[in-house]
Amino acid sequence: MTIQFISLNAGGVFAQTRLENQDSTGFTHVDIYELPYTDLTPYACLVIGGMCDQDFLFEHKEIISSFLDEGKIVVFSGNLVTDWLPGGRPFVPKEIKSFQDYAVKIESNHPIFEGVLEDDMTFNKGVAGFFARGHHPLPEGAEVLLTLDGKEPITYIDRQSTNGTILVHVGFDLFGYMGSNDLEKTTSRISPQLKQWVEEEYSKTIQGVQS
Amino acid sequence: MRKIAVVYGGSSQHHRTYKTSEFAKHFHQLIPIRELAEASFEDIDVLLIPSQTHLGLLKENVEKIHAYADNGGIVVTFGPQGFDWLPKHDWEFRITNFWWWLEKDAKSGLVLTGENHDLFQNYLTLSDATWHQHGVYWPPEGSEVLVATEDGGAVFYIDKVSSKGTWINTTLDPDFHYGSYFMPATERFLRGFLPWLEEGKI
């Protein structure tokens with residue numbers, strides 16, 4: 001099933017650079033402030049990052065919850081700081097005592113992270129801490145994919161808060177690993193596998209909503 | 001004490017640095033960027049434009065910000081800039097080496113040229129202003145360059161010649177990295193820089 005993704009552009013310098021470097025097949029990018037004027041009908045998945053104006057998202061939270069209630073999918077990467085995402089709770093930073101506290105662990109085998117090594121997520125050029133620096137407390141019934149050192153959940157899937165599916169990751173844009181310059185690392189598998197998972201997930205949720 | 005207003009973009013990084021951290025107390029006013037066009041600057045002494053500000057909305061307000069400086073206001077910008085809008089700043093993009101500190105005999109390549117300035121006499125050290133850079137400025141003659149690269153490009157400068165007011169421009173982005181829970185130097189930078197903006201000799 002081929003589906004369309006819509007990604008909100010936060011509008012700053014880093015977002016511009018990302019747009020220029022990313023493989024955007026299947027993705028439509030719109031400025032965050034265009035959200036209320038955008039027809040979301042053609043899109044199955046809404047991609048949002050923590051660099052977006054979260055006060056603005058809060059003001060327009062109904063757009064996001066309605067989108068989800070149609071059985072669609074939201075992928076959020078970043079730190080939540082306002083209450084705009086169904087089931088979402090504010091980001092909690094981790095108090096770090098040693099680099100081991102930043103160790104990324106796979107909690108349950110999942111197609112998004114299939115073949116991805118924990119160390120490749122934990123370390124970037126030998127330095128830990130790029131993948132996640134804290135966590136979001138879980139909504140009820142959420143499925144945990146990754147943790148920090150077996151403790152705090154850093155990536156989860158929430159199928160209970162809405163009719164759709166929400167994936168929340170506490171670090172950088174999980175779709176940002178497309179066109180990654182670290183192609184020799186297993187993290188380059190994440191973005192295409194995430195895209196594949198969204199397509200399969202959508203075909204399941206949309207059947208549930210229609211039946 | 002000078003009153004500082006910041007153009008607030010609502011990202012998680014801005015939320016931490018400007019709204020909820022120990023640094024929030026330094027800001028007299030947060031101006032949501034969507035309200036910048038209507039905002040009054042009458043009650044403030046310093047206008048700070050953060051890193052990763054929305055480029056489209058910034059573009060719409062460039063003239064207003066210049067007018068504020070032309071009327072004697074102090075404008076502060078954190079880097080990197082997404083388009084040319086600072087007065088005669090002559091920005092030169094350079095490939096960022098995020099990893100300089102992993103290299104043997106690591107040198108950041110930064111030189112303190114403003115060692116006699118109040119900011120570096122009483123508030124900051126060079127190491128507090130040392131992390132990666134995204135490029136350099138070649139500011140107009142008469143500007144005071146406080147931190148430079150070894151070849152003389154400006155990383156931090158004060159320009160009192162382009163307007164009746166003052167432009168304080170740096171390519172550094174302490175607010176973004178502090179707001180991302182990255183890099184302790186950015187925290188030390190803000191601990192010195194913001195009190196200086198409020199009460200130091202500019």
Side-chain angles (χ1 to χ4, degrees), chain A residues 8-20 30-34 36 48-60 76-85 88 90-96 101-102 123-136 170-172 181, chain B residues 7-21 30-37 49-60 77-85 91 93 95-103 134-135 171 173 175-184 187:
Chain A
L8 298 186
N9 180 346
V13 174
F14 286 169
Q16 302 301 106
T17 315
R18 172 65 57 82
L19 267 186
E20 289 158 15
V30 295
D31 188 275
I32 166 80
Y33 298 120
E34 291 299 315
I48 305 177
M51 287 177 71
C52 281
D53 184 339
Q54 296 191 41
D55 287 343
F56 186 79
L57 291 173
F58 178 71
E59 284 170 33
H60 296 281
F76 173 75
S77 303
N79 301 349
L80 285 171
V81 294
T82 67
D83 183 20
W84 59 269
L85 183 65
F91 172 75
V92 180
K94 177 150 181 165
E95 199 180 321
I96 298 301
D101 294 331
Y102 284 132
F123 297 103
N124 196 350
K125 297 186 199 287
V127 181
F130 285 84
F131 208 71
R133 300 214 153 206
H135 79 289
H136 297 108
V170 80
F172 290 130
N181 49 14
Chain B
V7 176
Y8 183 74
S11 67
S12 67
Q13 291 83 7
H14 286 195
H15 180 86
R16 182 187 190 208
T17 302
Y18 296 115
K19 208 171 199 173
T20 59
S21 75
L30 304 187
I31 303 172
I33 187 153
R34 288 174 288 145
E35 297 167 18
L36 182 56
I49 317 294
S51 303
Q52 303 303 324
T53 289
H54 190 281
L55 298 172
L57 290 176
L58 180 60
K59 263 180 197 159
E60 289 174 17
T77 67
F78 289 147
Q81 299 304 326
F83 62 98
D84 290 342
W85 70 281
W91 161 254
F93 174 77
I95 301 291
T96 305
N97 177 10
F98 291 103
W99 305 102
W100 62 270
W101 48 283
L102 290 179
E103 291 163 9
H134 298 274
T171 64
D173 50 0
D175 51 345
F176 177 76
H177 291 290
Y178 176 76
S180 305
Y181 298 84
F182 266 56
M183 289 198 283
E187 191 169 329

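A, B, ... follow the sequence lines: proteins, then strands. Residue 1 opens every chain.
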Point to revise | Interface moiety of B/Ser180 toward chain A, non-hydrogen atoms closer than 4.5 Å | key: backbone
**Study point:** Interchain contact, B/Leu57 with chain A, by part (heavy-atom threshold 4.5 Å)
**Key:** side chain
Review point. Which region of A/Tyr33, side chain (C-beta onward) or backbone (N, CA, C, O), has a non-hydrogen atom less than 4.5 Å from a non-hydrogen atom of chain B, or is it both or neither?
Key: side chain
Review point. For A/Ile32, is it the side chain, the backbone, both or neither that has a heavy atom under 4.5 Å from a heavy atom of chain B?
Key: side chain
Point to revise | Sequence-distant partners of A/Gln54, side-chain hydrogen bond (donor to acceptor under 3.5 Å, both in side chains), two or more places apart | key: A/Trp84
Check your understanding: What orientation do B/Phe176 and A/Phe14 show, parallel under 30°, tilted 30 to 60°, or perpendicular over 60°?
Key -> perpendicular
Check your understanding: How are the rings of B/Trp85 and B/Phe83 set relative to one another: parallel (under 30°), tilted (30 to 60°) or perpendicular (over 60°)?
Key ->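 Rings of B/Trp85 and B/Phe83: tilted, as their planes differ by 30° to 60°.
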Exercise for review: For chain A, find which of B/Arg34, B/Lys19, B/Gln81, B/Gln13 contributes the most heavy-atom pairs closer than 4.5 angstrom.
Suggested key: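 Result: the option with the highest number of such pairs is B/Arg34.
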Check your understanding: Heavy atoms, side chains only, cut-off 4.5 Å: are B/Ser12 and B/Tyr181 in contact?
Key -> no
**Study point:** Side chains of B/Pro32 and A/Asp55 in contact at under 4.5 Å (non-hydrogen atoms)
**Key:**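 They are not in side-chain contact.
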